[in-house]
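Notes to accompany the following structure.
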Amino acid sequence: MQSAVFLALQHDGGRMERGGSDGEEAEKGRMKRTIIKDWKTRLSYFLQNSSSSSKMKSKKVGKHHTYFRPSPKEAQLWSEAFDELLANKYGLAAFRAFLKSEFCEENIEFWLACEDLKKTKSPQKLTSKAKKIYNDFIEKEAPKEINIDFQTKNMIAQNIQEATRTCFSAAQKRVYSLMENNSYPRFLESEFYQELCKKTPIARAAQGT
């Protein structure tokens, strides 16, 4: 009798354990779908228009851009080198959206600001842009403060007094390395990137003919 009761309890316990496991899996699935949906919403914000139009918009007022969805082959090139990803406008927008989903978009924003500074020729604009970069990303408790060491911060604080196109070079290299070694591999493993690399049924059918 006791053994029968024990077996019944063991059976019920197993069902409860399986039920709890199924519930956890379902919850994880819901969370994953929510995260992916949010990620794609952010991406659409950066892209503005993905691939619905066949012509680039070239209005001077507002400067609208249309980013074309890359082919699977083009998207696969992004995995060969981090620079390949950054050089592609769609890839850059996708990576920015990914970093935003990881709450570290300040890294790519800082890197882009430094790239823009390097192209600045006017001394007045150079000084103004350098101060803005410092205020936004470098100084203590800046709104988009990046993660760099104290020594680099001090060096930038000194260099900013006579701003040059390369006054943030040390910090930019640090942030680039951080993105390349941490965020970039995770981006390549993301579901959205994996989808970009897949061939559509139409493309597969066309290739098979």
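All values below were derived from every heavy atom in this structure, side-chain atoms included, with hydrogens, water molecules and symmetry-related copies excluded.
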Would you check if [X] and [Y] make a side-chain contact, meaning some heavy-atom pair closer than 4.5 Å?
{"X": "Ile108", "Y": "Lys100", "value": "no"}
{"X": "Ile156", "Y": "Ile148", "value": "yes"}
{"X": "Leu188", "Y": "Leu85", "value": "no"}
{"X": "Leu196", "Y": "Tyr90", "value": "yes"}

Can you name the closest pair of heavy atoms from Ala170 and Met155 and give their distance?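 Scanning both residues, the minimum pair turns out to be CB-CE, 3.5 Å.
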Do you know the tightest heavy-atom contact between Pro185 and Asn181?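 In this case the closest contact between Pro185 and Asn181 is CG-O, 3.7 Å.
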Could you check Ile160 against Ile133 for side-chain contact (heavy atoms from CB on, under 4.5 Å), going step by step and ending with a plain yes or no? CA-CA 10 Å; Ile160 203 74; Ile133 292 173; over 6 Å; no
About how many Å separate [atom2] of [Y] and [atom1] of [X], when rounded to the nearest 0.5 Å?
{"X": "Ile138", "Y": "Thr152", "atom1": "CD1", "atom2": "OG1", "answer": "9.0 Å"}
{"X": "Trp78", "Y": "Asp83", "atom1": "CH2", "atom2": "CG", "answer": "14.5 Å"}
{"X": "Gln172", "Y": "Thr166", "atom1": "CD", "atom2": "OG1", "answer": "10.0 Å"}
{"X": "Asn107", "Y": "Arg174", "atom1": "CG", "atom2": "CZ", "answer": "9.0 Å"}
{"X": "Leu112", "Y": "Leu117", "atom1": "CG", "atom2": "CG", "answer": "12.5 Å"}

For the pair Phe95 and Phe82, evaluate ring pair (Phe, Tyr, Trp, His ring centres under 6.0 Å) and give the outcome as yes or no after the intermediate values. CA-CA 10 Å; Phe95 187 60; Phe82 187 38; 5.5 Å; yes
Under 3.5 Å donor-acceptor, [X] side chain and [Y] backbone:
{"X": "Ser177", "Y": "Lys173", "answer": "no"}
{"X": "Ser190", "Y": "Phe187", "answer": "yes"}
{"X": "Ser79", "Y": "Gln76", "answer": "yes"}

Could you work out, with salt bridge (Lys or Arg N to Asp or Glu O under 4.0 Å) as the rule, every residue matching Asp116, not counting sequence neighbours?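 Partners of Asp116 under the salt bridge (Lys or Arg N to Asp or Glu O under 4.0 Å) test: Lys129.
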[X]-[Y] co-clustered via ILVMFWY side chain contacts under 4.5 Å:
{"X": "Leu92", "Y": "Tyr184", "answer": "yes"}
{"X": "Phe98", "Y": "Leu77", "answer": "no"}
{"X": "Leu99", "Y": "Leu178", "answer": "no"}
{"X": "Leu126", "Y": "Tyr134", "answer": "yes"}

Show the numbers, then the answer: is there a salt bridge (Lys or Arg N to Asp or Glu O under 4.0 Å) between Glu115 and Lys118? CA-CA 5 Å; Glu115 288 297 292; Lys118 290 176 183 178; 3.1 Å; yes
Ionic contact status for Arg186 with Glu189, cut-off 4.0 Å: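 No, no charged N to carboxylate O under 4.0 Å.
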Taking the inter-plane angle between the rings of Tyr176 and Trp111 on a 0 to 90° scale, is it parallel (under 30°), tilted (30 to 60°) or perpendicular (over 60°)?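 Judged by the thresholds at 30° and 60°, the geometry between Tyr176 and Trp111 is tilted.
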Under the side-chain contact (heavy atoms from CB on, under 4.5 Å) criterion, do Glu74 and Glu84 qualify, and how do the steps go? CA-CA 10 Å; Glu74 186 179 8; Glu84 289 282 353; over 6 Å; no
Once side chain to side chain contact (heavy atoms under 4.5 Å, CB included) is applied, do any residues pair with Lys132, and if so which ones, sequence neighbours excluded?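 Expected list: Asp136.
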Can you tell which of Glu106, Glu109, Glu105 makes a salt bridge (charged side-chain N to carboxylate O under 4.0 Å, His left out) with Lys144?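 It is Glu109; the other options fail the test.
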Run the side-chain contact (heavy atoms from CB on, under 4.5 Å) check on Phe168 and Phe137 step by step: do they pass? CA-CA 11 Å; Phe168 298 100; Phe137 300 101; over 6 Å; no
